[in-house]
Amino acid sequence: MADPWNRPDDDIPFDLPAHTPRPGGIAARARVGAQPPGPAGRVPAYLDGLNPEQRAAVEATEGPVLVLAGAGTGKTRVLTTRIVHILSLGLAYPSQILAVTFTNKAAREMKERIGAMVGEQVEGMPWLGTFHSIGVRMLRRHAELVGLKSGFTILDTDDQIRLLKQLLQAEQIDEKRWPARLLANTIDGWKNRGLTPDMVSAGEGAAFANGRGQKLYADYQARLKALNAVDFGDLLLESIRLLRENPDVLAEYHRRFRYILVDEYQDTNVAQYLWLRLLAQGSHNVCCVGDDDQSIYGWRGAEVDNILRFDSDFPGAKVVRLERNYRSTGHILGAAAHLIAHNEGRLGKTLFSEGESGEKVTVTGAWDSQEEARAIGEEIEALQHQGRALSQMAILVRASFQMREFEDRFVTMGLNYRVIGGPRFYERAEIRDALAYLRVIASPADDLAFERIVNVPKRGLGDAALRQIHDHARAVGVPLVEAARQLVGSEELKPKVRLTLRDLVASFDRWREQMAAMPQSQLAEIVLDESGYTEMWQKDRSADAAGRLENLKELVRSMEPFENLVGFLEHISLVMDAEGSGAGDAVSIMTLHSAKGLEFDVVFLPGWEEGLFPHQRALDEQGRAGLEEERRLAYVGITRARRFAKVFFASNRRIHGMWQSSVPSRFLDELPENHVEVTESRGGHGWGGATSAGRYGYGPSRFDEAQTFGSSYSTPGWQRAQSHAQANAQANAQNNSAGGRREGQFGGFSEGASRYSPGASRGGASGGRVIEGHLVASSTGAPSRFAVGARVFHQKFGYGEVAAAEGNKLTVQFDKAGEKRVLDNYVEAV
DNA sequence: ACCCTTCTGCTTTAC
DNA sequence: GCAGAAGGGT
């Protein structure tokens with residue numbers, strides 16, 4: 001193999017074009033050995049306009065640096081300027097800088113911004129990319145050192161699950177009790193923590209299928225190797241192994257990477273941390289940028305601890321705090337700061353701004369989620385009439401099911417909206433199917449891809465046929481396509497199957513020949529056409545068929561810029577966001593998670609209710625840590641707003657198909673009175689559920705300090721709610737003691753909690769969960785207070801008669817609304 | 001092989 | 001309330 005380090009493009013000096021006409025500008029310094037400007041030297045143009053802290057972060061090039069960058073403090077600017085600074089001082093060639101991001105989007109933006117600052121030669125930064133894309137790059141170069149061939153394929157979650165299912169079947173494990181999905185998550189978790197199969201402790205391995213987890217993990221890894229495949233976790237894990245087991249390779253990378261930069265450090269998991277630490281042992285010039293207060297991905301392995309511990313991990317680290325906020329008004333920052341101050345595990349920053357204080361954050365209660373959507377719709381229209389662009393407004397929800405209500409409302413209003421995120425382009429079935437065809441063409445050994453489309457569209461190659469192919473493949477030791485080819489030549493298959501399979505194999509051979517002769521987009525069209533795949537959707541008369549055909553066209557279009565099919569497939573396996581940017585002015589609807597990093601003039605934050613936000617599951621499964629992460633999510637939400645942050649909660653919401661009443665989120669209690677204005681939704685209902693749960697003792701006592709709402713919380717609606725709450729709390733206290741349960745449950749929410757807790761609502765009461773001495777969550781399995789035949793009243797559906805009662809779930813025949821399933825504490829006896 | 005019924009579960013989601 | 005998966009019947 002040719003020495004990969006001496007590729008000609010790698011060490012060409014990064015000749016910065018004379019971007020700025022100023023003498024002594026960056027162009028003049030873009031040479032190796034150029035000295036930094038002396039004390040009397042002129043300040044380079046790219047440092048203009050940085051505040052002192054930003055500048056310190058940019059100029060501290062040597063040694064470990066942690067930049068704690070609060071929301072809206074110019075984090076990306078610091079990162080990009082720092083790279084430009086390093087380049088223009090001639091401290092390193094572009095190819096000697098490792099710059100890691102989490103998303104392709106972030107990597108792209110960084111490239112663009114550096115490009116805008118130094119000219120168009122960002123091509124010269126080969127090591128700017130996501131953790132995973134850089135991992136792939138390393139693995140492809142040294143594949144054979146970790147038992148792979150350089151052309152290995154990267155499996156996505158779907159392939160992964162299919163593979164695991166096969167393993168579970170082979171091990172005769174009941175897939176009902178131990179679903180492949182769970183195993184996949186477990187293995188991902190191990191990989192996130194940098195654990196290879198032999199490193200999984202016995203206790204951990206026991207977590208799946210009575211101790212067989214570890215063996216299954218080992219089997220899975222063996223299967224991947226046999227398939228010459230890796231999953232996403234492996235991209236890091238195998239890179240780590242590569243570096244650990246091959247000191248010479250590690251030394252090469254040490255020599256190479258003179259400067260390391262990491263974006264969103266608070267989101268790194270253990271594997272990523274280990275990987276970075278290995279690489280940083282070379283130059284020690286590692287600069288991590290992040291915000292512990294915006295760590296919201298703990299559930300997928302991110303370790304806030306990484307950022308909290310930076311000092312001790314990288315001795316002598318310089319810490320720079322960016323606290324000057326350029327985004328939001330004073331009231332918004334004040335509200336966000338007070339909220340996040342309730343978290344204990346944080347490094348602590350205080351954002352300030354020199355701008356105006358602006359409008360207070362508003363909190364609005366609505367009767368139910370529909371009224372909430374209506375109120376937000378009206379506010380949007382009002383703002384629009386004041387001349388504010390829809391594109392500068394966003395609705396940020398906790399869970400995607402909340403989106404539907406807004407979509408419905410906006411459709412009837414004729415309000416233009418855009419849903420960001422959602423099912424990703426590449427995840428859609430039709431895209432995955434099309435890609436599977438292309439994968440089989442590009443790499444005939446891709447068994448998983450072949451399996452996916454062998455009978456899509458339906459061509460009579462069902463389970464029986466597939467099993468035969470499988471058996472033969474295993475017996476002879478060849479990939480499925482090859483096995484199919486051999487079977488076609490034998491007498492073993494049923495005549496009909498044999499003919500169909502022969503055609504399919506022949507088609508793949510034909511397409512593979514055409515691969516070299518035409519652009520990949522044209523080939524894709526031919527494949528989709530000749531395979532009958534397009535036709536399948538044309539015949540499909542379901543509502544979304546047209547959209548799927550549209551997506552297929554979009555896929556074909558998106559293939560055009562690539563050099564060849566293989567290049568396209570490589571790209572696709574690493575790139576998520578192929579979402580076409582819808583044209584026109586529209587309100588954005590998205591989850592809080594996908595809003596991170598974005599900003600809007602006006603931000604609507606609906607659904608601030610206990611159980612939904614903070615989400616019950618976060619509390620149940622992660623306890624205090626979960627609560628703190630939810631709070632950071634709230635913080636992220638508020639800090640997205642430049643001028644207006646508008647928080648909403650509803651007293652009634654439909655979850656899992658049932659109407660439930662809800663309690664305002666404790667986070668509302670944690671917003672400071674002086675930055676918040678409580679308004680009432682027009683509609684006159686106020687809210688009827690209960691008050692915020694802050695005072696009922698589920699949290700540490702200091703959480704309760706914020707309960708004292710002064711004048712701003714003395715609106716009639718609020719007071720009405722308070723008195724409701726008192727009554728509810730008393731009623732629940734009685735319920736609880738009657739049921740023999742320990743006290744201290746969620747006050748007015750004890751019944752509500754059960755609804756979010758699957759175990760309880762299906763009869764398996766899980767009881768309260770005590771974490772660090774505080775009861776964080778509870779649920780109840782108490783029998784219903786209502787008998788079949790009882791007359792009841794429901795706030796939403798009116799009068800009715802109980803048709804069936806099962807635990808606290810009732811089936812009620814309502815006089816007007818028909819039969820509904822409701823929970824018993826939403827109805828009263830009449 | 002395919003269709004229809006039943007069962008289950010249900011936060012967030014990059015690569 | 002709804003969607004996706006799985007199982008049984010034809």
Side-chain angles (χ1 to χ4, degrees), chain A residues 100-107 129-136 154-157 160-161 165 175-176 179-182 185 188 191-192 230-236 263-264 267-269 271-272 295-302 396-404 420-424 426-427 429 455 458-466 494 496-497 500 544 570-577 590-597 607 611-622 626 629-630 632-633 636-637 654-659 755-759 761-762 819-822:
Chain A
V100 215
T101 65
F102 270 83
T103 64
N104 288 299
K105 194 170 158 230
T130 63
F131 278 98
H132 297 266
S133 64
I134 290 170
V136 180
I154 302 162
L155 303 190
D156 56 35
T157 324
Q160 215 181 336
I161 303 255
K165 271 193 179 149
E175 265 201 68
K176 284 244 169 86
R181 171 108 236 150
L182 177 66
N185 287 337
D188 278 347
K191 289 187 174 177
N192 282 339
V230 295
D231 63 20
F232 282 118
D234 286 337
L235 295 179
L236 281 158
D263 192 16
E264 306 277 19
D267 288 339
T268 49
N269 61 34
Q272 285 155 340
S295 164
I296 55 174
Y297 286 110
W299 49 273
R300 66 178 193 209
L396 310 183
V397 298
R398 175 62 182 80
S400 49
F401 76 84
Q402 293 171 262
M403 293 181 179
R404 185 98 148 245
I420 313 281
R424 304 241 169 278
Y426 84 105
E427 278 173 359
N455 201 28
K458 302 233 184 313
R459 43 171 80 92
L461 296 172
D463 286 350
L466 191 60
K494 289 191 196 155
K496 223 178 175 173
V497 171
T500 321
D544 50 359
E570 169 89 32
H571 167 83
I572 228 62
S573 63
L574 289 170
V575 170
M576 307 285 288
D577 32 25
M590 68 187 93
T591 63
L592 285 160
H593 282 91
S594 42
K596 194 170 81 159
L612 176 58
F613 193 33
H615 200 280
Q616 192 60 39
R617 256 179 92 156
L619 303 182
D620 284 348
E621 288 167 14
Q622 309 289 331
E629 182 154 313
E630 294 287 297
R632 291 192 290 267
L633 202 47
V636 167
R654 201 163 55 185
I655 289 175
H656 305 342
M658 280 176 294
W659 280 96
R755 273 165 248 126
Y756 289 95
S757 165
S761 59
R762 295 217 187 264
E819 191 177 282
K820 304 273 179 201
R821 304 241 296 166
V822 295

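First the proteins, then the strands, lettered A, B, ... as listed; each starts at 1.
The separation between A/R459 atom CZ and B/dC2 atom C1' is 16 Å, rounded to whole Å. Here B/dT13 presents its C1' atom at 11 Å from CZ of A/R398, a figure rounded to the nearest Å. Taking atom CZ of residue A/R181 and atom P of nucleotide C/dA3, one finds them 18 Å apart after rounding to whole Å. Following rounding to the nearest Å, A/L633 (CG) and B/dT13 (P) show an atom-to-atom distance of 10 Å. Atoms NE2 (A/H571) and C1' (B/dA14) sit 14 Å apart, rounded to a whole Å. The interatomic distance linking A/R404 (CZ) with B/dC10 (C1') rounds to 13 Å, in whole Å. For the pair A/D620 CG and B/dG9 P, the interatomic distance rounds to 16 Å; values are reported in whole Å. To the nearest angstrom, C1' of B/dT12 lies 13 Å from CG of A/L396.
A/S400 comes within 4.0 angstrom of sugar-phosphate atoms only, judged by non-hydrogen atoms across all strands, and of no base. At a threshold of 4.0 angstrom between heavy atoms, the contacts of A/G460 are confined to the sugar-phosphate backbone, with no base atom among them. Using a 4.0 Å heavy-atom cutoff across all strands shown, A/D463 reaches sugar-phosphate atoms only and no base atom.
Considering only the side chain of A/H656, C/dG1 comes nearest among B/dA14, B/dC2, C/dG1. Between B/dT12, B/dC2, C/dC2, one nucleotide has an atom nearer to the side chain of A/N455 than all others, and that is B/dC2. Distance from the side chain of A/E621 is smallest to B/dT11 among B/dA14, B/dT11, C/dA6.
Note that CZ of A/F102 and CD of A/Q272 are 4.0 Å apart. Values are rounded to the nearest 0.5 Å.
Considering only side-chain N and O atoms, A/S594 lies nowhere under 4.0 angstrom from the phosphate OP1 or OP2 of B/dT12. In this structure, A/R654 does not reach the C/dG1 phosphate: none of its side-chain N or O atoms is under 4.0 Å from OP1 or OP2.
For B/dT11, the base is stacked against the aromatic ring of A/H615, per a cut-off of 5.5 Å between centres and 30° between planes. Between A/H593 and B/dT13, no base-stacking contact is recorded for ring centres under 5.5 Å apart and planes less than 30° from parallel. B/dT11 has no stacking from A/W299 on its base ring, since the centres under 5.5 angstrom apart and planes within 30 degrees of parallel are not both found.
Checked against the 6.0 Å centroid criterion, the rings of A/W299 and A/H593 qualify as a close aromatic pair.
The side-chain heavy atoms of A/L612 and A/F401, taken from C-beta on, include a pair separated by under 4.5 Å.
The base of B/dT13 does not come close enough to the side chain of A/R300 for any donor and acceptor atom to sit less than 3.5 Å apart.
For A/S133, the side chain to side chain donor-acceptor pair (under 3.5 Å) partners at least two apart in sequence or on another chain are A/T130.
Along DNA chain B, the nucleotide nearest to A/N192 and the one nearest to A/E630 differ in position, and the one closer to the 5' end is contacted by A/E630.
When all heavy atoms of A/K165 and A/A180 are compared, the pair lying nearest together is CG-CB, 3.6 Å.
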| side-chain contact (heavy atoms from CB on, under 4.5 Å) between A/L574 and A/E570, intermediate numbers included | CA-CA 7 Å; A/L574 289 170; A/E570 169 89 32; 3.9 Å; yes
